[in-house]
Number of protein chains: 2
Amino acid sequence: MPAARRRSNSERRDVSQGRILDAAEALFAQSGFNGVSVKDIAGAAEVDTSLVHYYFGSKAGLFTAVIQRYAPRVNQARMDSMAAYARTAGAGLDLEGVLRAYLEPAFRIAIDGGESEQNYMRLIAQVSVAPPSAMAGVQVTAFDPVIEAFIALLHQARPAATRTDLYWFYHLLSGAITQSWARTGRIDRLSGGLCRSDDLAQILEETVQLFAGYPLKRRA
Amino acid sequence: MPAARRRSNSERRDVSQGRILDAAEALFAQSGFNGVSVKDIAGAAEVDTSLVHYYFGSKAGLFTAVIQRYAPRVNQARMDSMAAYARTAGAGLDLEGVLRAYLEPAFRIAIDGGESEQNYMRLIAQVSVAPPSAMAGVQVTAFDPVIEAFIALLHQARPAATRTDLYWFYHLLSGAITQSWARTGRIDRLSGGLCRSDDLAQILEETVQLFAGYPLKRRA
DNA sequence: ATTATCTATAGATCTATAGATAATGC
DNA sequence: ATTATCTATAGATCTATAGATAATGC
């Protein structure tokens, strides 16, 4: 039996913060901001309650830290994917390609990632439909710049569409995605098992096919 | 000044229950089940806290009562609308018509109704994406039978589609609707005011147009 | 006599902090 | 010396109920 290894302060810090963030992410995703206590989170993370306040200041601060943890990774993956597609497709850029370039990275992170990434997506889904007051007043604006880039690409794929069209299109698309991230099991129950809400690869295809069919052009 | 009118017990009961349900609906929609206290609700309803327990037993019981209040009205309106459409359209039944027959009634209730109806829709939206544990364990199954009827009509409009196709279609549609009921103001901010998330009449049109364009037929 | 409403409070829980202790840092 | 962790607790708040009072019912 080896002697207990000496851990540096930054190691201890990282480990504790990571445990707290993982536990908070899972519990917030499961029960919402107000459905979980700091004590619950500390218990799940196997640290003391006071340590949560030591590192994150307040419960709201912890919530914000959870939300912000993977945002840069998701944003970067989307930006890279859209840039790569725009480059390869050139003038042949189309709606299906743009949709796939935007949607695929986040789905890939959820599919390839572990529970943590999936809890994160579920949490983002809830925050997306909740009024700010329900979730510690956290507005999710971290993804906004990437959405602007996505809208710009959509415009290239459908030059005749108005900006209003494009934003409504995004509104409906984001709703469909939110529903999928949430993984409530509702469609499993309704369909009698034909569809599985955790089959993200399938959902990605369904989403692309449905939304790629839209003319995105103002009716008379 | 007239003498204080004598109110019957059933009147007093209805008034108090109604005030409590209205207040609960508004506050739950704004802050979620766990973001609101019974005291908050009683205060907004201008009744005593203990009256809430007298009429609804528990906070969870009140939440369930709120959810169930308008469900029959929404269900009945949808069933009537779909039956009427199936009758008039006959063999000429198409996807756009089916979508409109299913979607229009709930939108109409929200558009023609007051704040209460709109708060209700917002609450349904949140419950739809929340795991059961986040919302007093309330699963929304009240609408399930009507969804089955909708799926059956969809099948008539797209006979070649598989049941799996139809359920995925419903999954994505319900996400879009949920996002719209939630009225988060997000699309208003993103679009710089071009789109308004409380313009339900417009959203109904956008939703019908987008989803009616889908071939709903298995790809190769 | 029954139903609706109010008063008062039990008992649990929650967020947050002050201050002590135990590690690592250098 | 500084940073991480633990102990103990303040002070607020929360759900729920027991029991009293004030209405209506008949």
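By convention in this document, chain letters (A, B, ...) are assigned in the order of the sequence lines, proteins followed by strands, and residues within each chain are numbered from 1.
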With pairs taken as Watson-Crick or G-U wobble and both distances under 3.5 angstrom, which stems of at least three consecutive pairs involve DNA chain D?
C:1-24 with D:1-24

Nucleic acid footprint by protein, nucleotides 2-17 of chain C - heavy-atom cut-off 4.0 Å, B for base, S for sugar-phosphate alone
-SBBBB------SSBB

Considering residues at least two apart in sequence or located in another chain, which fulfil the salt bridge (Lys or Arg N to Asp or Glu O under 4.0 Å) criterion with A:Arg19?
A:Glu46

Tell me, which pairs form a salt bridge (Lys or Arg N to Asp or Glu O under 4.0 Å) where one or both residues lie in residues 132-152 of chain B, sequence neighbours left out?
A:Arg186-B:Asp144, A:Arg189-B:Asp144

Salt bridge (Lys or Arg N to Asp or Glu O under 4.0 Å): pairs with one or both residues in residues 71-80 of chain A, sequence neighbours excluded:
A:Arg73-A:Glu117

Salt bridge (Lys or Arg N to Asp or Glu O under 4.0 Å) partners of A:Arg12, counting only residues at least two apart:
none

For residues 176-209 of chain A, which residue pairs pass the ring pair (Phe, Tyr, Trp, His ring centres under 6.0 Å) check, not counting sequence neighbours?
A:Phe107-A:Trp181

Residues two or more places apart in sequence or in another chain: which of them pass side-chain hydrogen bond (donor to acceptor under 3.5 Å, both in side chains) with B:Ser37?
B:Asp40

Among residues at least two apart in sequence or on other chains, which ones pass salt bridge (Lys or Arg N to Asp or Glu O under 4.0 Å) with B:Asp188?
none

